[in-house]
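Each chain gets a letter, A, B and so on, in the order its sequence line appears, and its residues count up from 1. All of these numbers come straight from a predicted model, not from anything done at the bench.
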Amino acid sequence: MPELPEVEVVRQGLAAHVVGRTVSDVQLTGARVARRHAAGPDDLAARVRHTQVVDARRRGKYLWLVLAGPAGDRSALLLHLGMSGQLLVQPADAPDERHLHARFDFADDGPQLRFVDQRTFGGMALAELDADGIPDSISHIAPDPFEPVYDRRAVIERLKARHSAVKRGLLDQGVVSGVGNIYADEALWRAQVHGGRASDSLTRPVLGRVLDHAREVMGEALAQGGTSFDALYVNVNGASGYFDRSLAAYGQEGRPCPRCGTPIRREAFMNRSSFSCPRCQPATRAPKF
DNA sequence: CTTTTCTCCTGTATGC
DNA sequence: TGCATACAGGAGAAAA
């Protein structure tokens, strides 16, 4: 599942292979891929056609291409990979992928950009950029830990004020963005905090440690993901394939905790799974888990 | 207002 | 072998 590190690798691929090129044609298959674009897929395609891609940017798990129109006007093609979305750079004569939803042709007749998504949780929409260069439609998404505007103290205060499990706060993209289920579990394992513990019951230093570990583990994953980048394949499909061997808790049910050897446990959480060490991350005072 | 639950989707794995 | 079910889960809408 693409979380911040995987999305950043995709962004870097777009920066290398798409920025600077002019779109000559856009083909969208079905309405679902553009469902967040209120004016519909035809409108999106028409507005992207003949624009030049001038930048590829990211906040959390969202990424966007900054588009310059013929008159120099700026807009953004906002993209989200959802759970299974891939952006591929492919030769025009490559056969259609099984779950191909969008195809971009360029005026240089070079390789196409394709959006492929099996589970269709991903999608794209056009947005306007605000004064800070952020698409207006994601103004509710908080900065991620790698942004200069990331305010560590402010995030700690928001977590400190929440009557909810700390893991919910980590996963709330309006509090801090980029963290998904995998890196939330890894950060909590590193911080030796059980994700079900009430956010407002933890001390500020502990909350700070959880946040710092989230940033640290995502940074490590990014460093590894960058090395496996293939020039023709602007995609990283989740943590599998490169960083999964470094995971201490996520998906490791029954395997020994790398720190103390106690078998990692799996618990239901938000109709999903959480993995933690029963010994290093005691679930004391854990409501609503 | 804050917090939680539900829903969208399909390939893969598991159980009977 | 075939069919049913569980699971993966980001994010926004809806509900509590």
Trainee: Please report the C-alpha distance between Arg11(A) and Glu8(A) in whole Å, then the side-chain angles of each, then the deciding distance to 0.1 Å, and finally whether the salt bridge (Lys or Arg N to Asp or Glu O under 4.0 Å) criterion is met.
Mentor: CA-CA 5 Å; Arg11(A) 189 203 65 76; Glu8(A) 173 59 17; 3.0 Å; yes
Trainee: Among dC8(B), dT10(B), dA11(C), which nucleotide has an atom closest to any side-chain atom of Arg32(A)?
Mentor: dC8(B)
Trainee: Please compare Asn271(A) and Arg119(A) by the position of their nearest nucleotide in DNA chain B and report the one closer to 5'.
Mentor: Asn271(A)
Trainee: Check this one for me: any side-chain N or O of Ser273(A) less than 4.0 Å away from OP1 or OP2 of dC7(C)?
Mentor: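 Ser273(A) to dC7(C) OP1/OP2: no side-chain N or O under 4.0 Å.
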Trainee: OP1 or OP2 of dT5(B) sitting under 4.0 Å from any side-chain N/O of Arg168(A)?
Mentor: yes
Trainee: Which distance, rounded to the nearest 0.5 Å, do you find between the NE2 of His80(A) and the CD1 of Ile141(A)?
Mentor: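 Going from the NE2 atom of His80(A) to the CD1 atom of Ile141(A) covers 7.5 Å.
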Trainee: Any side-chain N or O of His80(A) less than 4.0 Å from the OP1 or OP2 oxygen of dA11(C)?
Mentor: yes
Trainee: Under 4.0 Å: is that the gap between some side-chain N or O of Tyr183(A) and OP1 or OP2 of dG10(C)?
Mentor: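 Negative; the distance criterion is not met.
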Trainee: Given atom CD1 of Ile182(A) and atom P of dA8(C), what is their separation to the nearest angstrom?
Mentor: 11 Å
Trainee: Let me confirm one number: the CZ-OG1 distance from Phe104(A) to Thr22(A), rounded to the nearest 0.5 Å.
Mentor: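 Going from the CZ atom of Phe104(A) to the OG1 atom of Thr22(A) covers 14.0 Å.
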Trainee: Could you check which of dC9(B), dT7(B), dC7(C) has an atom nearest any side-chain atom of Arg272(A)?
Mentor: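 Nearest to the side-chain atoms of Arg272(A), counting from C-beta on, is dT7(B).
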Trainee: Below the 4.0 Å mark, does dC8(B) have OP1 or OP2 next to a side-chain nitrogen or oxygen of Arg35(A)?
Mentor: no
Trainee: For the pair made of CZ in Arg36(A) and P in dC9(B), what is the distance, rounded to whole Å?
Mentor: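 Value for this atom pair: 16 Å.
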Trainee: To the side chain of Lys61(A), which of dT3(B), dT4(B), dA11(C) is closest?
Mentor: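 Of the options given, the side chain of Lys61(A) lies nearest dA11(C).
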Trainee: Can you check the Asp117(A) CG to dG11(B) P distance for me, whole Å?
Mentor: 11 Å
Trainee: Are Leu79(A) and Val66(A) co-members of a hydrophobic cluster defined by side-chain heavy atoms under 4.5 Å apart?
Mentor: no
Trainee: Are any of His140(A)'s side-chain N or O atoms less than 4.0 Å away from OP1 or OP2 of dA11(C)?
Mentor: no
Trainee: Just the rounded figure in Å: distance from P of dG11(B) to CD of Gln86(A).
Mentor: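 About 13 Å, once rounded to whole Å.
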Trainee: Rounded to the nearest angstrom, tell me the gap between atom CZ in Arg266(A) and atom C1' in dA6(C).
Mentor: 10 Å
Trainee: Look at the side chain of Gln118(A) and decide which nucleotide, out of dG11(B), dT4(B), dG10(C), has an atom nearest to it.
Mentor: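 Nearest nucleotide to the side chain: dG11(B).
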Trainee: Rounded at 0.5 Å granularity, tell me how far CG in Asp185(A) sits from CZ in Arg272(A).
Mentor: 12.5 Å
Trainee: How close or far is atom C1' of dT3(B) from atom CG of Leu170(A), stated in whole angstroms?
Mentor: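 The distance from CG of Leu170(A) to C1' of dT3(B) comes to 16 Å, rounded to the nearest Å.
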Trainee: Rounded to the nearest Å, what distance is computed from the CZ atom of residue Arg98(A) to the C1' atom of nucleotide dG11(B)?
Mentor: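 Interatomic distance, CZ of Arg98(A) to C1' of dG11(B): 9 Å.
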Trainee: Measure the OH-CG distance between Tyr183(A) and Leu170(A) for me, rounded to the nearest 0.5 Å.
Mentor: 14.5 Å
Trainee: With respect to the phosphate group of dC9(B), does any side-chain polar atom (N or O) of Ser84(A) fall under 4.0 Å of OP1 or OP2?
Mentor: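 For dC9(B), OP1/OP2 do not have a side-chain N/O of Ser84(A) under 4.0 Å.
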Trainee: Output yes when at least one side-chain N/O atom of Gln173(A) is less than 4.0 Å from OP1 or OP2 of dA11(C), else no.
Mentor: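 Looking at the OP1 and OP2 atoms of dA11(C), one of them is under 4.0 Å from a side-chain N or O of Gln173(A).
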Trainee: Of the options dT3(B), dA11(C), dC8(B), whose atoms approach the side-chain atoms of Arg162(A) most closely?
Mentor: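 Closest nucleotide among those given: dT3(B).
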Trainee: Measure CD1/Ile138(A) against C1'/dG10(C) and give the value in whole Å, please.
Mentor: 14 Å
Trainee: With the side chain of Phe121(A) defined as its heavy atoms from C-beta on, choose the nearest nucleotide among dG11(B), dC8(B), dT4(B).
Mentor: dC8(B)
Trainee: Would you indicate what Arg158(A) reaches in the nucleic acid, counting non-hydrogen atoms under 4.0 angstrom: base, sugar-phosphate, or nothing?
Mentor: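 Nothing: the residue Arg158(A), judged by heavy atoms under 4.0 Å, touches no strand.
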